[in-house]
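Worksheet for the structure shown next.
To find a chain, count down the sequence lines: A is the first, B the second, and so on, and within it residues start at 1. Only heavy atoms go into these numbers, but all of them, side chains included; no hydrogens, no water, no symmetry mates.
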Amino acid sequence: MSLHLYNTLSRSSEEFVSLTPGKAGIYLCGATVQGAPHIGHIRSGVNFDILRRWLTHLGYEVTFIRNVTDIDDKILQKAEVEGIPWWAVAMKYEQAFSWAYSRVNVLSPTYEPRATGHITQMIELMQTLIDNGTAYAPGNGDVYLNVRSLKSYLTLSNQKIDDLLSAGDAEDSFKKDPRDFALWKSAKPGEPSWPTPWGDGRPGWHLECSAMAHTYLGAEFDIHGGGLDLIFPHHENEIAQSESAGWGFSKIWMHNAWVTASGEKMSKSLGNSLLVSEIVQRVRGIELRWYLGSAHYRSMVEFSFEALEETAVNFRRIEGFLARATEILNEEPGLLVSLDFTAAMNDDLAVPTALAGISELVRDGNTALSSLTFGDEAGQKEIARIAAEVRGALAILGCDPFDPTFAMDKPAATDAMDGLVKLALAQRESARARKDFATADAIRDQILELGILIEDTPAGSRWTLAR
RNA sequence: GGUGGAGUGGCCGAGAGGCGAGGCUCAGGACUGCAAAUCCUGCCACACGGGUUCAAAUCCCGUCUCCACCUCCA
C-alpha cells in the first residue's frame with residue numbers, strides 16, 4: 001500500500017500524491033515563543049518529525065518549514081512581567097524550544113522563519129485582500145477580514161458561522177461582524193509596531209503563517225500540520241486569508257492530538273512540572289522521544305510518570321538487544337526498513353502497529369543471540385538482518401541509539417571507565433574460577449551500587465549503566 | 001447551543017465483522033554457582049442496554065460517562 005494520510009479536511013485517510021513528483025512541502029505551525037516548552041509542544045515536533053523522516057525515506061525531497069511566532073500579545077505581557085524587552089523574551093524562549101527539540105532529536109527544519117521577518121509579505125497580503133474586498137481597514141489602524149464576504153469558511157472545523165459563540169468583546173470594536181478577525185492590530189502606546197498604509201501596528205495571530213507558508217512553499221503545497229486545537233480559529237483563518245488571496249494553500253491538513261494530564265489537556269498551571277527541561281532529568285531524551293512518538297499521533301497521550309518509566313523500560317530492552325548484537329557482530333548494525341514496518345507507516349503513520357513488529361523482531365533476535373554457536377555464520381547473518389531491521393525502524397522514529405545526537409546521554413561510557421570496570425570484572429572472574437562466590441557476589445554488589453549492571457554471558461561478563 | 005473525539009485485561013496501548021497486536025507488571029518454568037539479561041507458559045479484555053448477522057470489541061438504534069474547540073493554545 002502506498003502512503004495514506006488522514007486529512008482533517010475530508011475526515012478520512014487519503015492517498016498521498018505530492019503536487020510535484022518526488023518533492024513534498026510541509027508547513028508546521030511552530031511555537032509562539034512566550035514560555036518554556038512542555039512535552040505537549042514537543043510532541044507535535046516529534047510527530048511531524050516522524051512524518052518528515054518517513055517521507056524522506058520514501059524518497060521525497062522534503063521542504064519542511066516550521067515557523068516561530070515571535071510577536072504576539074502574550075510575548076508583550078511576558079516582557080512586562082519579566083522586565084525585559086519583548087524581543088529578548090522571544091529570543092529566550094525560541095532558544096529554549098530549540099534546545100528541547102534537539103534533546104529529542106527533532107531535525108532542524110529546512111527553514112525556520114520568524115513572523116517579524118515577514119512584515120513586508122504580510123502587508124502585501126493585506127493589500128491584496130483589501131483590494132479584492134475581503135478585508136477592510138476601519139481607520140483606527142486595525143485591519144480585519146470580513147468573514148461574511150467569503151465564499152466558504154469553516155470547512156476544516158465543519159462549523160456554521162452562526163453557530164459560533166460570539167466573542168465577548170465584539171461589541172465595542174471596529175468590526176463589521178463579531179466573527180471578523182484581526183489581520184493587523186493597531187499599536188498601543190509603548191508597543192512595538194511596524195508602519196503600514198493603514199497605520200502603525202503589529203500582526204494579528206493568523207496572518208504570519210499564511211504569509212510565510214506562501215513565501216517558502218508557494219501558493220499551493222502538500223501538507224500543513226499543527227496541534228488539534230489550532231483547527232479553529234487559527235487554521236480556518238489561515239485558509240480564509242490564503243484562499244481569498246487566490247492561493248490554493250494546503251492540500252492536506254494534519255493535526256496531532258495533545259498530551260493530557262489527569263484526563264485534561266495540559267494548561268499552563270498543570271504544565272509546569274511537565275516542562276521538557278524537567279522530564280529529561282528523569283529519563284533520557286531518547287526515552288522521552290520514544291514515549292511521545294510511540295502513541296499514534298491522533299491519539300491523546302495521557303501522561304504519567306509511571307507510563308513514561310514503563311515505556312523507557314520497553315525501549316531499554318530494544319536497546320539492549322542492539323547492544324548485544326553489536327558486540328557479537330563486532331560492528332554497528334546496518335539500517336534496513338522491513339515490509340511490515342513500511343506497511344504500518346504507510347497506513348497514516350501507524351507507529352503502534354510498527355512497534356508491535358519491532359517487539360517481535362527483538363524477541364526473535366534475542367532468541368537467535370542465545371542460540372548462536374561459535375562459527376555459526378548463518379546465525380550471525382540472521383542476527384545482522386534482524387538488528388538492521390530494528391535499527392532501521394528506530395532510525396525512522398528518530399530513536400536510533402547510535403545517533404550521535406544522543407551521545408550526550410551516555411556521559412560516563414568512556415574508555416577509562418570501561419577499563420576500570422573490566423579490572424573489577426577480572427577480579428570477580430578469578431574469584432568465580434576458584435568458586436569463591438562470596439567475593440564474586442560482593443564485587444558485583446559493590447559495582448551495582450555505583451549504578452553498573454553485570455550480565456554474565458557465555459562469552460564473558462558485560463556491563464551496562466543501570467539508569 | 002454548535003462541532004469533533006474518547007471509554008479495551010492489574011496497568012499502558014493498537015485494531016475496526018471471523019484464527020488472543022504489542023509492551024509493562026505479576027506468577028510459574030528454562031538458563032545461571034546465585035543473580036542479571038534472555039526465552040517459554042499463564043493472566044481469553046473491549047462503558048451499558050437492545051438489534052442485525054452463521055459470526056460483533058468492530059455494523060445499527062438507544063443510554064451513560066469523560067474530554068476538547070467555539071477568536072490565548074501544540
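Nucleotides B/rC34 and B/rG29 place their P atoms 13 Å apart, quoted to the nearest Å. Taking atom C1' on both B/rG13 and B/rC46, the two are 13 Å apart, rounded to the nearest angstrom. Comparing the same atom, P, in B/rA56 and in B/rG20 gives a spacing of 15 Å after rounding to whole Å. Taking atom P in both B/rU71 and B/rC66, the straight-line distance is 23 Å, to the nearest Å. For the P atoms, the distance from B/rC40 to B/rG22 is 11 Å, rounded to whole Å. Straight-line distance between the P atoms of B/rC48 and B/rU65: roughly 15 Å, to the nearest whole Å. Using C1' as the reference atom, B/rC31 and B/rU38 are 9 Å apart when rounded to the nearest Å. Rounded to the nearest Å, the gap between the C1' atom of B/rU8 and that of B/rC43 is 16 Å.
Taking a pair as Watson-Crick or G-U wobble with both distances under 3.5 Å, RNA chain B forms stems of 3 or more consecutive pairs at B:1-7 with B:64-70, B:10-12 with B:22-24, B:26-30 with B:38-42, B:47-51 with B:59-63.
Within 4.0 Å (heavy atoms only), A/Glu309 reaches no atom of the nucleic acid at all. Nucleic acid contact for A/Leu230: sugar-phosphate only, since backbone atoms but no base atoms lie under 4.0 Å from a heavy atom of the residue. Counting non-hydrogen atoms under 4.0 angstrom, A/Thr464 reaches nothing in the nucleic acid. A/Asn237 comes within 4.0 angstrom of a nucleotide base, judged by non-hydrogen atoms across all strands. A/Gly226 comes within contact range of the sugar-phosphate backbone alone, with a heavy-atom separation under 4.0 Å but no base atom that close. Among the protein residues, A/His234 comes within range of no part of the nucleic acid, since none of its heavy atoms lies under 4.0 Å from any strand.
Side-chain atoms of A/Asn237 and A/Tyr153 include a donor-acceptor pair closer than 3.5 Å. A donor and an acceptor atom, one from each side chain of A/Asn256 and A/Ser44, are located under 3.5 Å apart. For the residue pair A/Asp348 / A/Tyr297, a side-chain donor-acceptor distance below 3.5 Å is found, with atom types taken as modelled. Counted by atom type alone, A/Ser461 and A/Asp456 present one or more donor-acceptor pairs between their side chains at under 3.5 Å.
For A/His38, whose side chain is taken as the heavy atoms from C-beta onward, the closest listed nucleotide among B/rC72, B/rG4, B/rA74 is B/rA74. Set against B/rA74, B/rU71, B/rA14, the side chain of A/Tyr153 has B/rU71 as its closest nucleotide.
Residue order along RNA chain B, read from the 5' end via each residue's closest nucleotide, puts A/Arg11 first among A/Ser294 and A/Arg11.
Using modelled atom types, no side-chain atom of A/Asp177 and backbone atom of A/Val147 make a donor-acceptor pair closer than 3.5 Å. Side chain of A/Ser210 to backbone of A/Glu238: a donor-acceptor contact under 3.5 angstrom is found.
Contact annotation: A/Asn158 side-chain N/O to B/rU3 OP1/OP2 distance is not under 4.0 Å. The shortest distance between the side-chain N/O atoms of A/Thr32 and the OP1/OP2 oxygens of B/rC72 is not below 4.0 Å.
Note: CZ (A/Phe305) to P (B/rC12) measures 16 Å, nearest angstrom. Straight-line distance from the CD atom of A/Glu302 to the P atom of B/rG13: 7 Å, rounded to whole Å.
Between A/Phe341 and A/Trp54, the distance separating the two ring centers is shorter than 6.0 angstrom.
Closest approach of A/Trp86 to A/Ile75, counting heavy atoms only: O-CG2, 3.6 Å.
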For this session: For side-chain hydrogen bond (donor to acceptor under 3.5 Å, both in side chains), just list the numbers for A/Arg317 and A/Asn366, CA-CA rounded to whole Å, side-chain angles, deciding distance to a tenth of an Å, and then say yes or no.
Result: CA-CA 10 Å; A/Arg317 171 171 164 264; A/Asn366 279 325; over 6 Å; no
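Here the options are A/Tyr27, A/Tyr111, A/Phe64, the test is ring-ring contact (aromatic ring centres under 6.0 Å, His included), and the partner is A/Tyr216; only A/Tyr111 passes.
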For nucleotides 16-34 of chain B, 5' to 3', base contacts (B), sugar-phosphate-only contacts (S) and non-contacts (-) with protein non-hydrogen atoms under 4.0 Å give -----BSBS--------BB
